[in-house]
Amino acid sequence: MPAFQTSPGMRDILPPESERWRRFDAVFAAVAESAGYGQLMTPVLEDLGVFARLGEGGEGVSKEMYQFTDKGGRDVALRPEVTASVCRAFAQHRPTTPWKVWYSGPNFRYEKPQRGRYRQFDQVGIEVVGVDDPMLDVEVIALADEFFRALGLRRITLIVNSLGEPEDRTRYIEALRAHFESFPEGLSATSRETLLRNPLRVLDSKRPEDQAAIAAAPQIADFHSPAAAEHFEAVQAGLRALGVDFVVEPKLVRGLDYYRRTIFEFQSDALDSAQNALGGGGRYDGLVEALGGPPASGVGFALGLDRTLIACDEEGVFQVLPRRLDAFVVDVTGGLQAAAITAALRAAGLTADRGFDNRSMKAQMKLANRSEAAYAVIIGEDEVAAGTVVVKPMDGGEQTNVPRSELVARIQRPTGTDRHD
RNA sequence: GUGGUCAUAGCUCAAUAGGUAGAGCACCAGGUUGUGAUCCUGGCGGUUGGGGGUUCAAGUCCCCUUGGCCACCCCA
């Protein structure tokens with residue numbers, strides 16, 4: 001038993017899995033940057049106040065926040081999400097709009113860990129501040145959709161809804177509360193508690209005894225102001241124009257108070273229905289202002305690496321193969337030769353590893369095999385004397401003895417292709 | 001936060017009814033005094049998650065604790 005191990009809900013990502021994570025980021029960056037988004041890097045630690053507004057939504061928010069007082073007496077928290085930090089950054093730096101950014105990194109929530117749910121978890125996302133145009137909602141959603149496709153995922157469902165303007169939303173919540181409180185068949189005990197805190201969330205319940213009340217509940221669309229309805233229509237028209245499949249789900253809600261108008265979520269039907277949401281987002285007009293900035297609308301989404309990778313596993317896509325080395329240098333003359341040869345190979349842009357500890361040729365060949373190098377470069381006393389090296393294809397091909405000066409060329413241009421010699 | 005379940009070698013797992021802890025894989029070495037991936041032989045490897053208790057004797061039974069997993073809660 002090791003004296004120390006990772007704290008609950010936190011883990012090491014070892015190679016080669018870490019390579020997959022890095023490629024995940026790279027694919028996301030490529031999609032976002034193709035649309036003019038730049039990477040924003042914010043601190044993982046911020047003043048508690050930056051996230052305080054999130055607490056107005058569910059009580060879970062404040063309960064699950066990693067917060068503490070630092071040595072200067074400042075109340076701080078590890079970020080539970082990035083959207084609030086983006087808005088804080090906008091308010092702080094006042095960049096010109098539209099401000100289009102993407103991000104990737106760890107977030108922290110003090111939850112009870114289980115598979116696909118960690119206390120430190122990575123998310124990628126994009127946010128745009130300062131544009132009201134529904135076509136921007138369309139762009140953001142389409143980029144998320146494009147990203148899932150870039151990973152190779154096919155069994156993805158996009159669901160969208162609109163919470164309307166803040167006033168619409170407020171009126172709807174009151175109507176919902178009234179409906180649920182007076183519904184004859186009542187609600188489950190859990191939903192009755194949810195109702196006190198966040199009536200919208202009751203719509204999310206999957207408990208059978210709640211379904212009758214939910215089915216009979218008022219529809220948000222009936223509360224949309226003309227402007228909100230028009231915005232939502234425009235979003236749908238834009239998605240259709242781009243050929244992005246979607247389903248309007250009137251019962252889709254998001255837990256936080258800051259969401260306005262468009263909200264959306266991507267689900268994978270390759271996962272259990274209980275946790276099939278890979279990511280989501282929406283509009284949060286007003287959040288920047290709430291954080292001390294100018295009035296500015298915002299829209300964005302975030303998605304989690306863990307669940308998305310699980311979905312990839314389920315669909316058998318985005319399987320990252322370990323990187324192969326070009327060459328593995330086996331030196332049984334003490335190791336100095338290998339130092340020079342690997343340096344030369346690397347300088348030529350090739351990837352090369354070598355054996356250490358002056359182990360036997362057999363042992364070094366086993367390492368070469370394990371490294372999955374394309375070639376073993378073997379050097380012994382004979383080769384040193386002759387100024388040559390043995391180049392052996394590890395796939396079983398014939399090994400050849402080549403002058404040391406031709407080694408790099410031989411590996412860059414495999415035998416059989418250099419017929420002009 | 002609530003409930004359930006599990007924890008044995010680096011990994012995946014065995015261990016009859018309490019009776020000295022095993023295998024496969026991996027790793028190391030040799031067979032092959034200059035050659036991997038196959039094969040053969042041998043080796044390294046564990047205070048059975050930790051602590052306490054019952055017992056002549058505990059991996060096995062009891063309590064506590066830590067951690068994983070599952071469900072609920074929550075889900076930004």
Side-chain angles (χ1 to χ4, degrees), chain A residues 1-11 14 50-65 77 79-87 107-118 121 123 125 127 188-191 193-194 197-198 200-201 204-207 253-259 263 265 272 274-282 284 287 300-304 307 328 330-333 355 357 359-384 389-399 401:
Chain A
M1 231 343 83
F4 293 104
Q5 53 186 315
T6 48
S7 198
M10 304 194 177
R11 75 267 206 231
L14 278 52
V50 173
F51 309 115
R53 196 175 155 70
L54 305 175
E56 295 168 15
E59 63 187 39
V61 171
S62 49
K63 238 168 38 185
E64 293 177 359
M65 194 106 69
R79 68 178 180 206
E81 58 143 44
V82 182
T83 304
S85 292
V86 172
C87 292
N107 302 281
F108 303 83
R109 294 177 196 171
Y110 195 85
E111 299 185 277
K112 184 133 181 168
Q114 49 184 269
R115 188 169 115 102
R117 182 183 213 178
Y118 302 95
F121 59 97
Q123 286 188 335
E127 310 286 348
S188 64
T190 305
S191 285
E193 284 180 36
T194 305
R197 246 196 352 265
N198 194 341
L200 286 174
R201 270 284 156 204
D204 236 8
S205 167
K206 293 182 177 64
R207 286 171 284 275
V253 298
R254 306 235 88 205
L256 299 190
D257 273 353
Y258 62 57
Y259 281 110
I263 58 174
E265 191 168 293
D272 295 339
Q275 30 185 299
N276 62 354
L278 303 184
Y284 42 87
L287 183 55
F301 74 82
L303 58 92
R307 281 215 197 143
F328 190 98
V330 173
D331 174 5
V332 290
T333 69
D357 285 342
R359 295 176 66 187
S360 71
M361 177 170 291
K362 175 172 177 162
Q364 291 192 55
M365 284 302 296
K366 285 184 73 163
L367 294 175
N369 185 56
R370 207 184 303 158
S371 76
E372 295 194 82
Y375 293 93
V377 175
I378 305 168
I379 186 156
E381 299 298 350
D382 295 349
E383 285 73 24
V384 172
V389 293
V390 171
V391 176
K392 173 171 177 154
M394 292 302 284
D395 60 6
E398 199 73 11
Q399 73 180 39
N401 213 295

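Note that this is a predicted model, so its numbers are computed, not measured. Order of the sequence lines sets the chain letters (A, B, ...), proteins ahead of strands, with each chain counted from 1.
Comparing the C1' positions of B:rA58 and B:rG36 gives an interatomic distance of 47 Å, to the nearest angstrom. The C1' atoms of B:rA15 and B:rC56 are separated by 22 Å, rounded to the nearest whole Å. A gap of 12 Å separates the C1' atoms of B:rU55 and B:rC62, to the nearest Å. Comparing the same atom, P, in B:rC13 and in B:rG53 gives a spacing of 32 Å after rounding to whole Å. Remark: the separation of the C1' atoms in B:rA29 and B:rC70 is 44 Å, to the nearest Å. Spacing between B:rG24 and B:rC64 at atom C1', rounded to whole Å, works out to 36 Å. Separation of the C1' atoms belonging to B:rA14 and B:rA7 is 15 Å when rounded to the nearest angstrom. Comparing the P positions of B:rU60 and B:rA9 gives a spacing of 14 Å, expressed to the nearest Å.
Considering only the side chain of A:Lys366, B:rC28 comes nearest among B:rC74, B:rU35, B:rC28. Listed nucleotides: B:rC75, B:rC74, B:rG36. Nearest to the side chain of A:Met394: B:rG36. Comparing B:rC74, B:rC69, B:rG36 by their closest approach to the side chain of A:Tyr118 singles out B:rC69. In this structure, the nucleotide among B:rC69, B:rU35, B:rC74 sitting nearest to the side chain of A:Thr194 is B:rC74. The listed nucleotides are B:rC74, B:rC69, B:rG67; the one nearest the side chain of A:Pro8 is B:rG67. With B:rU35, B:rG3, B:rC74 as the choices, the nucleotide that has an atom nearest any side-chain atom of A:Glu64 turns out to be B:rC74. Of the listed nucleotides (B:rC69, B:rC72, B:rG30), B:rG30 has the atom at the smallest distance from the side chain of A:Lys362. Distance from the side chain of A:Ser360 is smallest to B:rG30 among B:rG30, B:rG34, B:rC72. Side-chain atoms of A:Lys112 lie closest to B:rG3 of the nucleotides B:rC74, B:rG34, B:rG3. When each of B:rA29, B:rG36, B:rG34 is scored by its nearest atom to the side-chain atoms of A:Met361, the top-ranked nucleotide is B:rG34.
Across the strands present, B:rG59 finds no partner; the criterion is a Watson-Crick or G-U wobble pair with both atom distances under 3.5 angstrom. Shown here, B:rC28 forms a base pair with B:rG42; the pair counts as Watson-Crick or G-U wobble because both key distances fall under 3.5 Å. Base pairing of B:rG3: its partner is B:rC70, meeting the Watson-Crick or G-U wobble criterion (both donor-acceptor distances under 3.5 Å). The partner of B:rA14 is absent, by the rule that a Watson-Crick or G-U pair needs both atom distances under 3.5 Å.
Side chain of A:Arg109 to main chain of A:Met65: no donor-acceptor pair is present (N/O by atom type, distance under 3.5 Å, no hydrogens or angles). Remark: the backbone N or O of A:Met361 is not paired with any side-chain donor or acceptor of A:Gln364 at under 3.5 angstrom. No donor-acceptor distance shorter than 3.5 angstrom exists from the side chain of A:Ser7 to the backbone of A:Met10, with no hydrogens or angles considered.
Residue A:Arg254 places no side-chain N or O under 4.0 Å from the OP1 or OP2 atom of B:rC75. Of the side-chain N and O atoms in A:Arg359, one or more sit less than 4.0 angstrom from OP1 or OP2 of B:rA29. Within the structure, a side-chain polar atom (N or O) of A:Arg115 is placed less than 4.0 Å from OP1 or OP2 of B:rC70. Close to B:rG68, at under 4.0 Å from its OP1 or OP2, lies no side-chain N or O of A:Arg11. For B:rC27, the OP1/OP2 oxygens have a side-chain nitrogen or oxygen of A:Arg370 closer than 4.0 Å. The side chain of A:Gln114 contributes an N or O atom lying less than 4.0 Å from OP1 or OP2 of B:rA71.
A side-chain donor-acceptor contact under 3.5 Å links A:Ser191 and A:Ser188.
For the pair A:Glu265 and A:Thr190, nearest-nucleotide mapping onto RNA chain B gives the more 5' position to A:Thr190. In this structure, A:Leu367 and A:Gly396 both approach RNA chain B, and ranking their closest nucleotides by distance from the 5' end singles out A:Leu367.
One N or O donor and one acceptor, one from the side chain of A:Gln399 and one from the base of B:rU35, sit under 3.5 Å apart. Looking at A:Glu372, its side chain has no donor and acceptor atom pair within 3.5 Å of the base of B:rG36.
The distance between atom CZ of A:Phe328 and atom P of B:rG36, rounded to the nearest whole Å, is 14 Å. The CG-P distance, from A:Asn276 to B:rC75, rounds to 16 Å in whole Å. Nucleotide B:rG36 holds its P atom 9 Å from the CD1 atom of A:Ile378, rounded to whole Å. Between the NZ atom of A:Lys206 and the C1' atom of B:rC74 there is a distance of 12 Å, given to the nearest Å. Between the P atom of B:rC69 and the CD atom of A:Glu111 lies a distance of 13 Å, rounded to the nearest Å. The distance between atom CZ of A:Arg307 and atom P of B:rC74, rounded to the nearest whole Å, is 15 Å. We find that CD of A:Gln5 is positioned 11 Å from C1' of B:rA7, with the value rounded to whole Å. Separating the CG atom of A:Asn198 from the P atom of B:rC75 is a distance of 7 Å, rounded to the nearest angstrom.
Both cation-pi conditions hold for A:Arg11 and A:Tyr118: the charged atom is under 6.0 angstrom from the six-membered ring centre and inside a 45 degree cone around its axis.
Using a 4.0 Å heavy-atom cutoff across all strands shown, A:Gly9 reaches sugar-phosphate atoms only and no base atom.
A side chain to side chain contact (heavy atoms under 4.5 Å, CB included) with A:Val390 is found for exactly one of A:Ile379, A:Ile378, A:Asp382, namely A:Ile378.
By the 4.5 Å heavy-atom criterion applied to side chains, A:Lys366 and A:Asn369 are not counted as neighbours.
Between A:Glu265 and A:Arg254 there is a salt bridge, since at least one side-chain N of the basic residue sits less than 4.0 Å from a carboxylate O of the acidic one.
Atom CE of A:Met394 is separated from atom CZ of A:Arg370 by 11.5 Å, given to the nearest 0.5 angstrom.
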